[in-house]
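Reading through the structure tokens given below for one structure.
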Protein chains: 2
Amino acid sequence: MPRAGLSPDAIVDLTLQLIDEGGPAAVTLLAVACRAGVAPPSLYKHVRNLAELNTLVSVRVMDELADRSREAVLGRSGAQALRAFMNAWRHYVVMHPGRYAAMIQTSRPELVEAGGRLVDIVLAVLRSYGLEGVDAIHATRCLRSAVHGFAVLETTGGFGLPVDLDDSYELLTQMIISGLPKSAQDHADV
Amino acid sequence: MPRAGLSPDAIVDLTLQLIDEGGPAAVTLLAVACRAGVAPPSLYKHVRNLAELNTLVSVRVMDELADRSREAVLGRSGAQALRAFMNAWRHYVVMHPGRYAAMIQTSRPELVEAGGRLVDIVLAVLRSYGLEGVDAIHATRCLRSAVHGFAVLETTGGFGLPVDLDDSYELLTQMIISGLPKSAQDHADV
DNA sequence: CTTTCTGGCTATTCGCATTAGCTAACGGAG
DNA sequence: CTCCGTTAGCTAATGCGAATAGCCAGAAAG
């Protein structure tokens with residue numbers, strides 16, 4: 001029995017491969033074990049159960065998305081930053097629909113933490129917009145709702161009509177930006 | 001073997017009970033069969049398989065939501081109608097989180113049809129707003145994204161912070177209304 | 001070199017969806 | 001009213017996937 005050099009991280013890597021190829025439904029301990037060149041029960045030495053694996057995957061994806069978003073926002077502020085953030089988000093969703101779908105789970109503590117990192121980015125952007133405190137929370141929720149809602153609908157096939165999706169997203173971006181409290185629009189150069 | 005008087009509709013009814021009590025995860029053919037006072041295989045006489053049952057449930061919920069929305073919008077127009085629509089939606093989600101979660105599925109033909117009935121309501125509201133054609137499609141998508149995104153985040157525990165959710169939703173409503181094309185704001189009495 | 005710990009394996013169990021094949025109840029035609 | 005076909009239920013059995021138990025070899029630590 002040669003060792004396979006597994007680890008929770010390595011298992012998540014393999015799981016992401018499966019997700020990219022066959023969507024979240026393709027995630028099976030048997031499938032993961034095959035990838036790892038190992039029998040299914042061996043995975044339990046590294047991961048408590050399937051639920052935990054799903055959580056780990058979700059956290060990984062959130063962090064990946066957070067990285068892309070942070071990167072996109074870097075060096076920008078105000079409306080520019082907001083646009084960049086929203087574009088980065090959708091770009092990720094379109095490029096990795098399976099991962100995005102796998103990210104969505106009912107929140108466990110670890111997910112809340114990873115989600116917090118994502119929220120912090122938005123809060124930073126909104127601060128550059130002049131929003132802070134409770135107002136910033138409300139604005140963040142609106143922004144997340146819009147962006148996430150669009151992403152979910154797009155990936156689940158909720159948008160059936162043959163009308164350009166980029167244009168729709170552009171309108172959504174405009175609506176969010178122009179909908180932020182008037183006092184915050186100083187930096188806006190849409 | 002006395003007959004149980006089952007039918008696809010009756011099975012959906014029982015499934016909805018299960019969902020209300022234990023969320024979508026509680027839906028099991030065994031559980032449904034118990035409710036019906038019947039052995040699991042008997043269900044296959046009325047429903048092709050679990051996937052079909054899920055689709056039927058989804059359609060039922062969409063129609064229910066459409067009814068509530070239609071009702072809420074009745075006799076109103078413009079911003080009034082829009083507010084009423086958004087409030088009805090969230091009210092449904094808060095009252096029936098399980099059903100709403102069960103409604104979300106990757107789109108099959110039947111779902112597209114039921115979803116269309118929902119979209120038509122929004123389009124009608126937007127028409128009273130002066131929006132038609134492609135513009136109305138884009139606006140509908142934005143509205144759905146916002147509303148659905150908020151609903152999903154709320155029901156999956158995505159909003160962790162102790163800040164009032166009603167206020168956030170109110171802001172979202174404002175943002176949507178004020179974000180619609182200027183030419184369409186004639187009727188707006190926010 | 002020996003002891004210990006770790007990661008892998010096989011065998012097994014359990015839950016759930018699904019299929020096969022049997023039988024009894026209902027409902028219409030003679 | 002009776003006969004017969006269709007329908008709706010049943011029991012039994014299969015298969016897949018998650019999960020547990022308990023064994024064993026090879027790495028690591030002394």
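Each chain gets a letter, A, B and so on, in the order the sequences are listed, and its residues count up from 1. We use all heavy atoms of the structure for the numbers below, so side chains are in, but hydrogens, waters and symmetry mates are not.
- By the ring pair (Phe, Tyr, Trp, His ring centres under 6.0 Å) test, B/His46 is found to be paired with no residue, residues two or more places apart in sequence or in another chain being considered.
- Annotation: side chain of A/Arg60 is not in contact with side chain of A/Thr15 (no heavy-atom distance under 4.5 Å).
- Look at A/Arg108 and A/Glu113 and you find no salt bridge, because none of the NZ, NE, NH1 or NH2 atoms lies under 4.0 Å from a carboxylate O.
- Taking atom CG on A/Leu43 and atom P on C/dT6, their separation rounds to 18 Å, with Å as the unit.
- Using a 4.0 Å cut-off, no side-chain N or O of A/His46 falls inside it from OP1 or OP2 of C/dT6.
- Contact annotation: B/Ser42 does not reach the phosphate of D/dA8 (side-chain N/O to OP1 or OP2, under 4.0 Å).
- Among the nucleotides D/dT20, D/dG9, C/dC16, the one closest to any side-chain atom of A/Pro41 is D/dT20.
- Take the nearest nucleotide of DNA chain D for A/Pro40 and for B/Gly5: the residue whose nucleotide is more 5' is B/Gly5.
- Listed nucleotides: D/dT11, C/dT18, C/dG7. Nearest to the side chain of B/Ala39: D/dT11.
- For the pair B/Leu6 CG and D/dA8 C1', the computed distance is 9 Å after rounding to whole Å.
- Rounded to an integer number of Å, the gap from CZ of B/Arg48 to C1' of C/dT19 is 15 Å.
- Salt bridge present: B/Arg70 and B/Asp67 bring a charged side-chain N and a carboxylate O closer than 4.0 Å.
- Which of C/dT18, C/dC16, D/dA19 sits closest to the side chain of B/Thr28 comes down to C/dC16.
- Checked against C/dG8, C/dA17, D/dG17, the side chain of B/Leu50 finds its nearest nucleotide in C/dA17.
- Look at CD1 on A/Ile11: it is 12 Å from C1' on C/dG8, rounded to the nearest Å.
- In the set D/dC10, C/dA17, C/dG8, the nucleotide with an atom closest to the side chain of A/Val38 is C/dG8.
- Counting only heavy atoms from C-beta on, B/Lys45 has its side chain closest to D/dA8 among D/dA18, D/dA8, C/dC16.
- If you check C/dG8, D/dA18, C/dT18 against the side chain of B/Asn49, the one that comes closest is C/dT18.
- Between the OH atom of A/Tyr44 and the C1' atom of D/dA18 there is a distance of 4 Å, given to the nearest Å.
- Cation-pi check for A/Arg90 over A/Phe150 is not met; the charged atom does not lie both under 6.0 angstrom from the ring centroid and within 45 degrees of its normal.
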